[in-house]
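Report on the structure given below.
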Amino acid sequence: MSGENTVVYGATKVLESAGILIANNALAAASALYGIEADGAGFPDAEFVLTVNYSTTPTDMSLLSLYARPMDVDGDTDTDAPDATRPNVFIGAFQVDNRTGAQTLVLTPLGFVRDLPRKAEYYIHNNGTGQAVQAGWVLKVTPRSNKAAP
């Protein structure tokens with residue numbers, strides 16, 4: 001139907017392809033920045049997918065939280081680096097299953113985030129799963145936006 005709202009996607013960017021072990025209640029940074037203009041084709045929204053591996057069963061329905069550290073917020077001045085007790089800008093959470101092995105998770109509750117910071121570093125907070133996230137986790141982001149159908 002002409003003029004109806006449709007969703008469009010940009011190219012997926014890997015923010016981390018081989019993350020370090022994240023102990024329970026600890027925080028780890030993804031290795032790449034994500035910028036709306038530089039990486040997201042100007043799209044303000046995005047979908048995040050996290051793949052993790054547990055060697056010991058985590059607590060069912062516990063969370064791995066995604067945080068952003070906005071960069072270049074005042075010229076080239078960045079916000080403070082987060083730590084586990086003050087993680088910074090909350091983006092969303094990934095809900096884990098109580099099983100070992102690999103888990104591919106989408107951000108809850110919608111699977112995507114609206115109005116991301118213009119440029120940011122991203123962090124995973126192992127927020128009380130009871131177990132360590134094994135080294136090798138992967139975080140990907142896919143920009144998305146809405147446009148009118150032709």
Side-chain angles (χ1 to χ4, degrees), residues 1-54 58 61-97 101-129 132-150:
M1 173 180 263
S2 179
E4 81 180 330
N5 188 43
T6 61
V7 178
V8 293
Y9 295 91
T12 298
K13 179 175 182 176
V14 177
L15 299 179
E16 179 59 61
S17 62
I20 63 170
L21 182 136
I22 311 172
N24 187 47
N25 295 319
L27 192 78
S31 59
L33 293 174
Y34 178 75
I36 290 173
E37 291 90 5
D39 304 308
F43 295 176
D45 308 334
E47 295 179 356
F48 288 87
V49 175
L50 177 65
T51 302
V52 296
N53 192 1
Y54 286 98
M61 298 175 57
S62 56
L63 302 175
L64 296 169
S65 298
L66 179 65
Y67 289 92
R69 176 189 181 199
M71 309 296 280
D72 299 343
V73 295
D74 183 16
D76 62 356
T77 303
D78 305 328
T79 60
D80 291 339
D83 61 49
T85 60
R86 190 198 46 78
N88 226 336
V89 178
F90 179 73
I91 299 298
F94 303 93
Q95 188 173 329
V96 302
D97 194 9
Q103 298 185 32
T104 299
L105 311 167
V106 295
L107 209 60
T108 59
L110 300 175
F112 71 97
V113 179
R114 294 192 184 279
D115 299 323
L116 289 171
R118 189 175 50 83
K119 182 179 179 184
E121 290 179 341
Y122 286 88
Y123 293 78
I124 300 297
H125 184 202
N126 186 358
N127 195 14
T129 65
V133 172
Q134 297 303 298
W137 55 271
V138 176
L139 179 63
K140 296 179 182 179
V141 59
T142 303
R144 64 175 271 159
S145 192
N146 297 310
K147 73 172 189 175

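The figures here come from the full heavy-atom set of this structure, side chains too, leaving out hydrogens, waters and symmetry mates. These figures come from a predicted structure and were not determined experimentally.
Counting only heavy atoms from C-beta outward, the side chains of L107 and L66 approach each other to under 4.5 Å. The side-chain heavy atoms of V133 and I124, taken from C-beta on, include no pair separated by under 4.5 Å. When side chains are defined from C-beta on, Q103 counts as touching P58, because their heavy atoms get closer than 4.5 Å. When side chains are defined from C-beta on, F94 does not count as touching V52, because their heavy atoms never get closer than 4.5 Å.
In this structure, the side chain of N25 engages the main chain of G128 through a donor-acceptor pair within 3.5 Å.
Legend: residues meeting ring-ring contact (aromatic ring centres under 6.0 Å, His included) with Y123, ordered by chain and number and at least two apart, are absent. By the ring-ring contact (aromatic ring centres under 6.0 Å, His included) test, F48 pairs with Y122, sequence neighbours left out. Residues satisfying the side chain to side chain contact (heavy atoms under 4.5 Å, CB included) criterion with T79, sequence neighbours excluded, are R69, P70, V73, N88. Residues satisfying the salt bridge (charged side-chain N to carboxylate O under 4.0 Å, His left out) criterion with D97, sequence neighbours excluded, are R99. Partners of R114 according to the salt bridge (charged side-chain N to carboxylate O under 4.0 Å, His left out) rule, which considers only residues two or more places apart in sequence or in another chain, are D45. For D72, the salt bridge (charged side-chain N to carboxylate O under 4.0 Å, His left out) criterion is met by K119, not counting sequence neighbours. Residues passing the side chain to side chain contact (heavy atoms under 4.5 Å, CB included) test with A26 are I22, A23, sequence neighbours excluded. Judged as a side chain to side chain donor-acceptor pair (under 3.5 Å), and not counting sequence neighbours, T108 has no contacts. For K13, the salt bridge (charged side-chain N to carboxylate O under 4.0 Å, His left out) test picks out D39, with sequence neighbours left out. Listed by chain and number, the residues in a side chain to side chain contact (heavy atoms under 4.5 Å, CB included) with F90 are S65, Y67, A93 (sequence neighbours excluded).
Contact record, A148 with T6: C-OG1, 4.4 Å, taken as the closest heavy-atom pair. Scanning all heavy atoms of the two residues, the minimum distance from V113 to L116 falls at CG1-CD2, 3.7 Å.
To the nearest 0.5 Å, atom CG of residue L27 and atom CG of residue L64 are 11.0 Å apart.
More than 12 heavy atoms of other shown residues, nucleotides or ligands fall within 6.0 angstrom of atom CG in N5.
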Tabulate below the donor-acceptor pairs under 3.5 Å that side-chain atoms of residues 137-145 make, not counting sequence neighbours, or state none.
residue: W137; atom: NE1; partner: I20; partner atom: O; Å: 2.7
residue: T142; atom: OG1; partner: T12; partner atom: OG1; Å: 2.6
residue: R144; atom: NH1; partner: E47; partner atom: OE2; Å: 3.2

Sequence neighbours left out, cut at 3.5 Å: what donor-acceptor pairs do the side chains of residues 30-37 make with other protein atoms?
residue: S31; atom: OG; partner: L15; partner atom: O; Å: 3.3
residue: S31; atom: OG; partner: E16; partner atom: OE1; Å: 3.2

